[in-house]
Structure formats: C-alpha cells, structure tokens
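Report on one structure; see the data block that follows.
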Amino acid sequence: MTAAQADPQIDRPALADGAALWRIARDSKTLDLNSSYSYLLWCRDFAATSAVARDAGGEPIGFVTGYVRPDSPHTLLVWQVAVDETHRGRGLAAALLDGLVARTTAEHGVTTVETTITPGNTASERLFTAFAERHGARLEREVLFEAEHFPDGPHDPEVLYRIGPLSP
C-alpha cells in the first residue's frame, strides 16, 4: 500500500486548513460556496464541531463542518460535507460524518443530527439516509426553507433531515 492509499487521518480542522477547505468546497461544484473568509472563521471558531480528513502528507482531502445549535444544545447541525474528487467513492464522507458525530456525542451530548439537502442531491441524500440506518435512528424530512425564502435569485428549497435519537 502506498502512502497515498493509506487510511486518512480524521481530526479537527486548524486555521491553516481554511484555504484548502474553501478549495475543496469550490471544486465540489455542488456546494454553495461561501467566502474564503468564512472557511477561515469556521476552522477557528467551529473546529470542535467540524472534522477534516488528511492524506498521508497531512493535506486536507475532505471535511465536514457543523455546529451545535444554540437553542437545541443536543443537536449537531451539519453545514457542509465535501471530499476532494480524487478521494471520492471510498467511504470517506461517511467516515468523516461518523467520526464527527462520535466526537460531538462524547463532548457535547449530541443525540440528534440535522442537515439540509436540496432536492436532487442524491449523494447527500444517500449519505444521511445510510447514516441514520447505521445508527438505528429515525429520519424525518421536511422543507425548512422554501425557494422564495432566498433573496439572491433562484434557489431550490432546502429540506431538513432530522436524524435521532442516536443510539449510544
């Protein structure tokens, strides 16, 4: 097995990872791309509730960003999940999500995971449906934001996926 094929290391993002996370999100061509500044802030302020996968050389190859909802402190909201194109199809997104949820469950008492997915994003639909199945949790779906809620032009609705309670 070469170094490039070794299992990636999953840990917390650091400020120095912000630019790489922005590039991975940009290159995904499916995520809403936030400003590079927001990824730097995310790596600084939400590292405890986010995860990054690194290759054998320590370079970020995937990430999950999230936060614990202030008005629902046992709920982890997953904001974005992305894997570099050259590392897709290997279960890395699922490993990142499982690792992050295990960590936030231990550190914050998370019992529920939420995310929003636009209709037709089958990769995300499969990722979160499989996550619920692996964890023996109920999955509820409802439209959280209708298309007309978005002020910046045409946008698909965002469907809230609520998964929980999670099994210990």
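Of the possible donor and acceptor atoms, none in the side chain of R23 sits under 3.5 Å from a partner among the backbone N and O of D84. With T115 contributing its side chain and V78 its backbone, the two residues share a donor-acceptor pair below 3.5 Å. With hydrogens and angles ignored, the 3.5 Å screen pairs no side-chain donor or acceptor of Q80 with any backbone N or O of L33. Looking at T104, its side chain never comes within 3.5 Å of a backbone N or O of T49 through a donor-acceptor pair. Between the side chain of D17 and the main chain of A14, a donor-acceptor pair closer than 3.5 Å is present.
In this structure, V83 and R88 approach most closely via the heavy-atom pair O-NE, 2.9 Å. Contact detail for S50 and P13: the closest heavy-atom pair is O-CD, 3.5 Å. Taking each heavy atom of S35 and S38 in turn, the nearest pair found is O-OG, 2.7 Å. Residues G18 and L40 approach most closely at CA-CD2, 3.9 Å, considering heavy atoms. Heavy atoms only, all atoms of each residue included: L160 and L144 are closest at CB-CB, 3.9 Å. The two residues A137 and P165 make their nearest non-hydrogen contact at CB-O, 3.5 Å.
C43 has its side chain within reach of L21: a pair of non-hydrogen atoms, C-beta onward, lies under 4.5 Å apart. Side-chain contact between P8 and L92: present, with at least one pair of heavy atoms (C-beta onward) separated by less than 4.5 Å. Side chains of L127 and F131 form no contact here, defined as non-hydrogen atoms less than 4.5 Å apart.
Clustering ILVMFWY residues whenever any of their side-chain heavy atoms sit less than 4.5 angstrom apart, transitively, puts L15 in a cluster other than the one holding W42. At a threshold of 4.5 Å between side-chain heavy atoms, the hydrophobic network of Ile, Leu, Val, Met, Phe, Trp and Tyr places V159 and L139 in one connected group. Cluster annotation: I24 is not connected to L96 through the hydrophobic network of ILVMFWY side chains, with a link wherever side-chain heavy atoms come within less than 4.5 Å.
Using a cut-off of 4.0 Å between Lys/Arg side-chain N and Asp/Glu carboxylate O, R12 and E107 are scored as salt-bridged.
Using the six-membered ring where Trp is involved, Y39 and F63 have ring planes that are perpendicular, over 60° apart on the 30 and 60° scheme. Ring geometry for H149 against F145 counts as perpendicular: the plane angle is over 60°, on a 0 to 90° scale with 30° as the lower cut.
In this structure, the separation between CD1 on I163 and CD on E133 is 10.0 Å, given to the nearest 0.5 Å. Rounded to the nearest 0.5 angstrom, T65 OG1 and L77 CG are separated by 9.0 Å. Once rounded to the nearest 0.5 Å, the distance linking CD of E85 with CD1 of I61 reads 13.5 Å. In this structure, the separation between OG1 on T105 and CG on L100 is 8.5 Å, given to the nearest 0.5 Å. In this structure, CD in E59 is found 8.5 Å from CZ in R54, a value given to the nearest 0.5 Å.
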Does the side chain to side chain contact (heavy atoms under 4.5 Å, CB included) test come out yes or no for N34 and W22, once each step is laid out?
CA-CA 8 Å; N34 300 295; W22 179 83; over 6 Å; no

CA sep, side-chain torsions, deciding dist, call: L31, W79, side chain to side chain contact (heavy atoms under 4.5 Å, CB included)
CA-CA 10 Å; L31 292 178; W79 180 266; over 6 Å; no

Side chain to side chain contact (heavy atoms under 4.5 Å, CB included) between R103 and L76, worked out:
CA-CA 11 Å; R103 178 165 34 95; L76 174 69; over 6 Å; no

Starting from the C-alpha separation in whole Å, work towards a yes-or-no answer on side chain to side chain contact (heavy atoms under 4.5 Å, CB included) for I117 and F128.
CA-CA 10 Å; I117 302 173; F128 285 93; 4.0 Å; yes

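Among pairs with a residue in residues 142-166, those fulfilling salt bridge (Lys or Arg N to Asp or Glu O under 4.0 Å) read E114-R162, E140-R162, E142-R162, at least two apart in sequence or across chains.
Shown here is R126, whose CZ atom has no more than 12 heavy atoms of other residues, nucleotides or ligands within 6.0 Å.
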